[in-house]
Amino acid sequence: MRPVRIAINGFGRIGRTIFRILVRGGYPGIELVAVNDLAPLSSCAYLFEFDSTFGPYPGRVDFGMGWISVDGVRFPFHAEPDLRNLDLSGVDVVLECTGQTARAMICRGLEAGARSVLVSGPADEADATRVIGVNECLGEHERIISNASCTTNAMAPLLRALDDAFGITAAQATTVHCYTGSQPTVDRPGGDPARSRAAALSMVPTTTSAGRQIEVVLPQLAGKIAARAIRVPTASVSCIDLSFVSSRSISLADMMEFLHNLTAKSAVIGITNRPLVSCDLRSRPESLVVASAETSVVGPLARVFGWYDNEWGFSCRMLEMAERMGQRSEKRGA
């Protein structure tokens, strides 16, 4: 089977993380054939080589007119404002990492000749929202897929497994999330007063799209789950604090046995029994790493806590979904 050919549109946090995973040898079944970003190529190369979160790239990074090179391997690099002006006829999947979600914008990869588009975030106008470990099976005519959010990828596989095992009658989830580029470094007027405050100086209670997206990918939980967020002054790695009421009484032993069995067979949920802190989970590829020591049960009420690298883990899911999309196209002879 030939490699799945992808293009990255947008070389921000997720685009650069995907690129780093690929050039480090992850996902050999994927071939990167193009990158597109409007920032100066010198800036893109610099920010890839010297990453404040993941550290300097441990190899050689060069660039020239229309290309970036990593360890001697050149990748075409474009600065095209309108993706339709590129020839993407040999591309299986465009990874749309610009933050654009309007269908008119995310369709441009298809109009340039690519077979499908994968959006790195919630996109209401996508053909479908897919989360690996929950509803990853692709529909026949789904050409524009949303990969949901990092928090949805962290929560949804766990919620599905918990609901299957115990029956969730109600749940409340809080994501304690590192700050992101949507927040200011100093106080600045904005639509949400709390989100207008300096990101590195306060814990900021705010909303998360994950609650709404959980109902999209797990419709059986519609009306049963609420989700909120607290943005905190850390640069990477977030966590999920989930409490739920089961349809039957369960014991702590039941829950621990369930978690160990689940993580032993899951491709996206891991577990640790060590006393880790957030920075210890940096660059972990799982969607969620359950902290077993934080588990508690009181009658039908249970708590599960887990860590997730909201950039690295999510980027791994992007690549895995791209593989699925590309392999589907090849099987259909598209």
Side-chain angles (χ1 to χ4, degrees), residues 10 12-18 47 51-55 97-101 119-124 129 131 146-159 171-217 225-244 276-284 286-291 294 303-318:
R13 290 303 310 159
I14 297 301
R16 291 197 298 272
T17 302
I18 289 170
L47 290 173
D51 191 292
S52 298
T53 300
F54 300 118
C97 301
T98 62
Q100 295 284 350
T101 60
V119 185
S120 68
D124 292 339
T129 298
V131 172
S146 163
N147 204 56
S149 68
C150 56
T151 302
T152 305
N153 275 264
M155 266 203 300
L158 177 63
L159 283 167
Q172 175 71 56
T174 301
T175 171
V176 183
H177 201 291
C178 60
Y179 58 74
T180 71
S182 66
Q183 296 171 261
T185 54
V186 297
D187 291 355
R188 185 182 66 203
D192 180 343
R195 287 277 283 269
S196 69
R197 305 297 297 279
L201 297 179
S202 294
M203 294 184 287
V204 180
T206 188
T207 58
T208 174
S209 65
R212 179 174 55 84
Q213 290 195 304
I214 291 295
E215 296 189 351
V216 172
V217 300
I225 182 166
R228 297 289 293 181
I230 303 172
R231 295 290 182 93
V232 295
T234 55
S236 72
V237 182
S238 303
C239 66
I240 294 292
D241 195 339
L242 171 69
S243 295
F244 73 96
L276 304 182
V277 297
S278 59
C279 65
D280 299 324
L281 282 295
R282 194 168 294 158
S283 301
R284 286 288 292 257
E286 300 96 333
S287 296
L288 186 72
V289 179
V290 174
E294 296 295 323
R303 175 190 185 239
V304 181
F305 178 95
W307 302 102
Y308 62 109
D309 187 322
N310 46 284
E311 293 179 345
W312 198 274
F314 181 78
S315 295
C316 290
R317 300 297 86 76
M318 285 285 290

Would you mind writing out the side-chain donor-acceptor pairs for residues 198-210 within the sub-3.5 Å range, not counting sequence neighbours?
residue, atom, partner, partner atom, Å
Thr206, OG1, Arg195, NH1, 3.1
Thr208, OG1, Ala210, N, 3.2

Whether the side chain of [X] engages the backbone of [Y] through a donor-acceptor N/O pair (distance < 3.5 Å, no angle test) should be reported.
X	Y	answer
Gln183	Thr180	yes
Asn147	Val119	no
Arg228	Thr175	no
Thr152	Gln213	no

* To do: Please step through side-chain contact (heavy atoms from CB on, under 4.5 Å) for the pair Val176 and Ser238, ending with a clear verdict.
  => CA-CA 6 Å; Val176 183; Ser238 303; over 6 Å; no
Report yes if the side chains of [X] and [Y] come closer than 4.5 Å at any heavy-atom pair, otherwise no.
X	Y	value
Ile225	Gln172	no
Phe54	Arg282	yes
Val277	Cys279	yes
Leu242	Arg303	no
Arg231	Ser182	yes

* **Worked check of side-chain contact (heavy atoms from CB on, under 4.5 Å) between Cys178 and Val237** => CA-CA 6 Å; Cys178 60; Val237 182; over 6 Å; no
What's the separation between atom [atom1] in [X] and atom [atom2] in [Y], rounded to the nearest 0.5 Å?
X	Y	atom1	atom2	answer
Asp124	Thr129	CG	OG1	7.5 Å
Asp187	Ser196	CG	OG	6.5 Å
Tyr308	Met155	OH	CE	7.5 Å
Thr174	Phe305	OG1	CZ	11.0 Å
Thr17	Asn310	OG1	CG	9.5 Å
Arg16	Ser315	CZ	OG	11.0 Å

* State plainly whether the residues Asp192 and Arg197 are in salt-bridge range, i.e. N to O under 4.0 Å. =>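 Salt bridge between Asp192 and Arg197, a charged N being under 4.0 Å from a carboxylate O: no.
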* **Residue pair Ser149, Phe314: steps toward the side-chain contact (heavy atoms from CB on, under 4.5 Å) verdict** => CA-CA 8 Å; Ser149 68; Phe314 181 78; 5.6 Å; no
* Asked: Closest heavy-atom contact between Gly121 and Ser146?
  -> O-OG, 2.7 Å
* Trp307 versus Cys239, closest heavy-atom pair with distance ->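 Looking at all heavy atoms of both residues, the shortest contact is CE3-CB, 3.7 Å.
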* What's the verdict on side-chain contact (heavy atoms from CB on, under 4.5 Å) for Val232 and His177, showing C-alpha distance, side-chain angles and the deciding distance? -> CA-CA 6 Å; Val232 295; His177 201 291; over 6 Å; no
